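First comes the structure, then the notes that go with it.
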Amino acid sequence: MSARTTRTRLFAAATVALAALSLTACEGDGLNTGSPKPASSSASADESTGPSDDAKDDTGSAGSSGSAGKDDASGSGTGSGSGEGSGKNTGGGKDSNSGSGSDSDSDLPGKCSASDVRITAKNAPRPINHLLLTATNTGSKTCTLPQYPAARFGEAQSVPPVAESSKPQALTTLASGESGYAGVRLSSGDGSAEGGHEVSTLTIPFEDGSIARAELPSGGVHVDNDLTVTYWQTSAANALEY
């Protein structure tokens, strides 16, 4: 063989040897690179399987908080019970006040009705042209008269005015058998007032709608536009001062 041929074969053999060494090195690197991976996976598995000390401490703290929460709930329940007790006490006070009000109202006298009183009408000796009305309680209970008699003489469509100067400090209240009085100025003393005429009947309505009838003096009475009544009084003298 020639020298050129020999060099060519040596070069080819060297190339094959280098390729083999390169392949061997690559396979060694793959083994080295993969070997740490199982160890890492095993460590991760160990860490995830068992809880750390910190985790255990946290779990214990959470348990303590749960106990505190139960204690607080019990405290709230106790507070609610106290509130219900207060409500019962308040209700008792209301019942007491209500009873007192009823007793006070029952002591007040009722208003007189036509069935409770008898009314008479008589000529007053003085002043002239005056009539004295007397209302006597014929019932068994105390009652209060209206402010003044809403007297209707004959067929009159209106009641006479009341003398404001005769108004007493309080309404006239009559116990059983007691009397109240009112004066009536029938007409002007000198006959100067207009509308004069004779009447023979007198009715006096009460606030409950009942009507009392009073008998006038024999022959009736003469009235004119000066007709005036007083408030009910506790004495006949006061009723005839106006």
Side-chain angles (χ1 to χ4, degrees), residues 101 104-242:
S104 177
D105 292 341
S106 63
D107 294 337
L108 297 175
K111 296 179 180 179
C112 293
S113 175
S115 60
D116 300 323
V117 298
R118 181 182 71 253
I119 298 180
T120 61
K122 294 182 178 181
N123 286 320
R126 60 180 185 272
I128 61 171
N129 301 327
H130 275 64
L131 200 66
L132 178 65
L133 302 182
T134 303
T136 303
N137 184 354
T138 58
S140 59
K141 296 182 179 181
T142 300
C143 67
T144 301
L145 290 171
Q147 288 187 315
Y148 58 88
R152 290 183 180 273
F153 286 89
E155 301 299 325
Q157 299 300 312
S158 61
V159 299
V162 61
E164 289 297 332
S165 58
S166 67
K167 187 175 183 177
Q169 293 182 349
L171 295 175
T172 299
T173 300
L174 305 177
S176 179
E178 291 184 340
S179 298
Y181 307 90
V184 181
R185 186 174 66 183
L186 297 171
S187 60
S188 62
D190 56 6
S192 60
E194 298 179 353
H197 61 283
E198 303 296 321
V199 295
S200 58
T201 60
L202 171 61
T203 57
I204 300 175
F206 282 77
E207 295 176 346
D208 63 351
S210 60
I211 299 175
R213 297 182 181 276
E215 184 178 352
L216 290 173
S218 178
V221 294
H222 180 83
V223 298
D224 60 23
N225 291 346
D226 274 357
L227 182 64
T228 307
V229 299
T230 68
Y231 286 87
W232 286 110
Q233 310 289 329
T234 56
S235 73
N238 289 340
L240 295 174
E241 286 181 354
Y242 306 95

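A quick note: this is a predicted structure, and the numbers were derived from the prediction, not measured. For the single chain, residues carry numbers from 1 onward in sequence order. Computation of the quantities below employed the complete heavy-atom set of this structure, encompassing side-chain atoms and omitting hydrogens, waters and symmetry-equivalent molecules.
Side-chain contact between N123 and L131 is present, with at least one heavy-atom pair separated by less than 4.5 Å. The closest side-chain heavy-atom distance from T228 to P160 is not below 4.5 Å. Looking at N137 and C143, their side chains come closer than 4.5 Å, going by heavy atoms from C-beta outward. In this structure, the side chains of E164 and Y231 come closer than 4.5 Å at one or more pairs of heavy atoms. Counting heavy atoms from C-beta on, the side chains of L240 and L132 come closer than 4.5 Å. For the pair Q233/E241, no side-chain contact is recorded, criterion being any heavy-atom separation below 4.5 Å from C-beta on.
Around CD of E215, the count of heavy atoms belonging to other residues, nucleotides or ligands within 6.0 Å does not exceed 12. Annotation for E194: atom CD does not count as buried by contact number, only 12 or fewer foreign heavy atoms lying within 6.0 Å.
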Go through T142 and L174 one step at a time and tell me if the side-chain contact (heavy atoms from CB on, under 4.5 Å) criterion holds. CA-CA 6 Å; T142 300; L174 305 177; 6.0 Å; no
Apply the test side-chain contact (heavy atoms from CB on, under 4.5 Å) to residues S187 and N129: give CA-CA distance (whole Å), side-chain angles for both, the deciding distance (0.1 Å), then the verdict. CA-CA 6 Å; S187 60; N129 301 327; 3.8 Å; yes
Test side-chain contact (heavy atoms from CB on, under 4.5 Å) applied to L227 and F153, step by step: CA-CA 10 Å; L227 182 64; F153 286 89; 3.8 Å; yes
With a 3.5 Å cut-off and sequence neighbours excluded, list the donor-acceptor pairs that the side chains of residues 199-209 form with protein atoms.
residue : atom : partner : partner atom : Å
E207    : OE1  : K111    : NZ           : 3.1
D208    : OD1  : S210    : N            : 3.0
D208    : OD1  : S210    : OG           : 2.6
D208    : OD2  : S113    : OG           : 2.7

Considering only distance and modelled atom types, tabulate donor-acceptor pairs under 3.5 Å from the side chains of residues 176-186, sequence neighbours left out.
residue : atom : partner : partner atom : Å
S176    : OG   : G139    : O            : 2.6
E178    : OE1  : A175    : N            : 2.9
S179    : OG   : T136    : OG1          : 2.8
R185    : NE   : D226    : O            : 3.4

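The two atoms that bring A193 and S188 nearest to each other are N-OG, 3.3 Å, heavy atoms only.
A distance of 9.5 Å separates CD1 of I119 from SG of C112, quoted to the nearest 0.5 Å. Note that the CH2 atom of W232 and the OG1 atom of T134 stand 7.5 Å from one another [nearest 0.5 Å]. Note: L133 CG to K122 NZ = 12.0 Å, rounded to the nearest 0.5 Å.
In this structure, T138 contributes its side chain and D116 its backbone to a donor-acceptor pair below 3.5 Å.
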